[in-house]
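Counting starts at 1 for both ligands and their atoms, in listed order.
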Amino acid sequence: MTNKITNLFKIQYPVVQAGMIWNSGWKLASAVSNCGGLGLIGAGSMYPDILKEHILKCKNATNKPFGVNLPMLYPDIDSHIQTIIEEKVPVVFTSAGNPKTWTETLKKEGITVVHVVSSAKFAMKAQDAGVDAIVAEGFEAGGHNGRDETTTFCLVPDVKRKINIPLIAAGGIATGKQIIAAMVLGADGVQIGSRFAATFESSSHDLFKKVIVDTKEGDTHLTLKELAPVRLIKNEFYNEIQKAYLNGASREELIQLLGRARAKKGMFEGDLIEGELEIGQVASLIDEIKSVKEVFDDILLEIRNLEFNYSDIFKS
Ligand SMILES: Cc1cc2nc3c(=O)[nH]c(=O)nc-3n(C[C@H](O)[C@H](O)[C@H](O)COP(=O)(O)O)c2cc1C
């Protein structure tokens with residue numbers, strides 16, 4: 001069986017591993033691609049030469065398709081685009097920016113382009129820009145997020161009725177049942193971030209992975225909406241932000257408080273106090289650090305054991 005997403009990316013299962021700064025290097029991306037999903041290298045935390053190295057290592061580690069996630073706010077984006085084209089990366093997921101800027105250039109090179117959005121309005125704009133598929137990312141998601149707080153449950157069906165290109169749901173998806181729920185809502189596939197951040201193959205610090213496992217319901221919050229809204233674990237740094245809000249901090253003061261390299265500090269260097277710890281609400285369902293293969297096995301087993309008899313309950 002194939003569907004729009006497996007056909008588009010030439011993969012076995014309609015499961016994309018999200019691009020995640022400081023988490024998704026070649027090891028994670030190639031492991032996911034080898035399991036039949038689509039692995040993405042997260043270029044947002046990589047200097048140009050590092051991205052090239054990860055692409056080359058990923059090619060060595062898998063002969064299956066993989067892609068690169070490119071947040072368009074990245075300052076040296078031209079170099080990344082050049083590397084992607086030179087290395088003939090088959091798929092690019094763009095995020096955090098205008099899809100019009102790079103879609104045509106990439107598509108001319110035969111690259112499949114997908115854009116990440118957090119609203120139906122932006123999904124339509126991305127479709128108009130000529131992308132091949134959309135990721136609709138709900139407010140539950142880890143990392144940077146939409147200001148409108150639209151949940152995956154509301155966003156996916158709304159985007160579905162407004163676009164006619166393949167749709168990938170993201171945000172709050174870590175289990176087989178959640179994948180099927182997203183597909184019932186109209187998604188053709190899913191993008192999973194947080195669950196893959198807590199795998200052995202993720203490049204983040206072990207302490208960060210352990211914190212993901214310990215994170216419970218209510219332990220994350222979407223904050224810094226004035227800058228770039230981001231879902232963070234409520235650690236000491238998060239508390240400092242809240243204190244700044246209570247003291248009526250200006251945008252400039254928030255920028256100063258955030259400083260530079262907080263995400264690297266938290267997720268890559270394992271500074272759980274001063275670092276930015278990005279993870280989704282679904283962390284409350286992640287109880288163990290696992291290998292990518294184990295995550296796939298869990299998901300596939302759960303889906304294969306599902307019995308659909310819900311329509312019987314609603315019979316007249
Ligand atoms: C640690 C972390 C880092 C992320 N970094 C990026 C990124 O660099 N680019 C991007 O488009 N999205 C990023 N995201 C969002 C993911 O790509 C994905 O859409 C999201 O994780 C899906 O929600 P989930 O975490 O509930 O699975 C990040 C998410 C996490 C958890």
Side-chain angles (χ1 to χ4, degrees), residues 15-25 28-29 32 37-46 51 54 67-74 77 80 91-97 99 113-118 122 126 131 133-146 150-153 155-156 167-175 178-179 181-182 187 189-199 202-205 207-209 211-212 215 217 219-220 222 228-233 262-268 270 275-286 295 299:
V15 174
V16 176
Q17 161 256 309
M20 294 178 285
I21 53 163
W22 304 115
N23 285 265
S24 60
L28 180 57
V32 169
L38 183 76
L40 298 184
I41 295 171
S45 50
M46 295 178 179
L51 175 62
H54 279 260
V68 168
N69 167 263
L70 201 51
M72 286 190 287
L73 299 172
Y74 186 82
I77 190 157
H80 274 0
V91 183
V92 169
F93 278 45
T94 54
S95 59
V113 182
V114 181
H115 189 64
V116 184
V117 299
S118 57
F122 285 117
V131 302
I134 301 280
V135 175
E137 188 200 57
F139 159 76
E140 303 90 326
H144 291 282
N145 211 312
T150 311
T151 58
T152 303
F153 225 83
L155 180 64
V156 171
L167 172 59
I168 299 165
I173 302 167
T175 68
Q178 287 171 319
I179 291 174
V190 296
Q191 171 169 282
I192 297 180
S194 297
R195 175 60 270 191
F196 285 123
T199 56
S202 164
S203 54
S204 58
H205 199 283
L207 288 174
F208 175 58
K209 296 181 193 179
V211 160
I212 301 174
T215 297
E217 187 201 315
D219 286 349
T220 71
L222 188 78
V230 61
R231 181 170 293 286
L232 296 180
I233 293 176
R262 285 267 185 190
K264 180 182 186 189
K265 203 180 226 185
M267 296 189 281
F268 196 65
E276 207 178 329
L277 306 175
E278 302 181 10
I279 211 68
Q281 288 185 346
V282 80
S284 64
L285 295 181
I286 301 170
V295 170
I299 285 172

Would [X] count as a polar contact of ligand 1, with the cut-off being nitrogen or oxygen pairs under 3.5 Å?
{"X": "G193", "result": "yes"}
{"X": "G142", "result": "yes"}
{"X": "H144", "result": "no"}
{"X": "I21", "result": "yes"}
{"X": "E140", "result": "no"}
{"X": "S95", "result": "yes"}

Hey, does [Y] have a side-chain heavy atom less than 4.5 Å from the side chain of [X]?
{"X": "F196", "Y": "V295", "result": "yes"}
{"X": "Y74", "Y": "L51", "result": "no"}
{"X": "N69", "Y": "S24", "result": "no"}
{"X": "H80", "Y": "V68", "result": "no"}
{"X": "T220", "Y": "I233", "result": "yes"}

Need the ligand 1 atom indices (1-based, order shown) with element for anything under 4.0 Å from a heavy-atom of [X].
{"X": "E137", "value": "15 (C), 16 (C), 18 (C), 19 (O), 20 (C)"}
{"X": "M267", "value": "1 (C)"}
{"X": "G171", "value": "22 (C), 23 (O), 26 (O)"}
{"X": "N23", "value": "1 (C)"}
{"X": "A18", "value": "16 (C), 17 (O), 18 (C)"}

For [atom], what is the nearest protein heavy atom, given as residue, atom name and distance?
{"atom": "atom 1 (C) of ligand 1", "result": "E278 O, 3.3 Å"}
{"atom": "atom 12 (N) of ligand 1", "result": "G19 O, 3.5 Å"}
{"atom": "atom 10 (C) of ligand 1", "result": "N69 OD1, 3.5 Å"}
{"atom": "atom 28 (C) of ligand 1", "result": "M20 CG, 3.7 Å"}

query = Of Q281, Q178, E140, which is the lone residue that meets side-chain hydrogen bond (donor to acceptor under 3.5 Å, both in side chains) with T152?
reply = E140

Taking every non-hydrogen atom, the tightest pair across [X] and [Y]:
{"X": "L38", "Y": "G67", "value": "CD1-N, 4.4 Å"}
{"X": "A96", "Y": "L73", "value": "O-CG, 3.4 Å"}
{"X": "S204", "Y": "A197", "value": "OG-O, 3.8 Å"}

query = Do S194 side-chain atoms and G280 backbone N/O form a donor-acceptor pair below 3.5 Å?
reply = yes

N145 side chain to F139 backbone, donor-acceptor under 3.5 Å = yes

query = Below 4.0 Å from any atom of ligand 1, is there a heavy atom belonging to G42?
reply = no

task = Please state whether G44 comes within less than 4.0 angstrom of ligand 1, counting heavy atoms only.
result = no

query = Which residue from G172, S194, G280, A283 reaches closest to atom 25 (O) of ligand 1 through any of its heavy atoms?
reply = S194

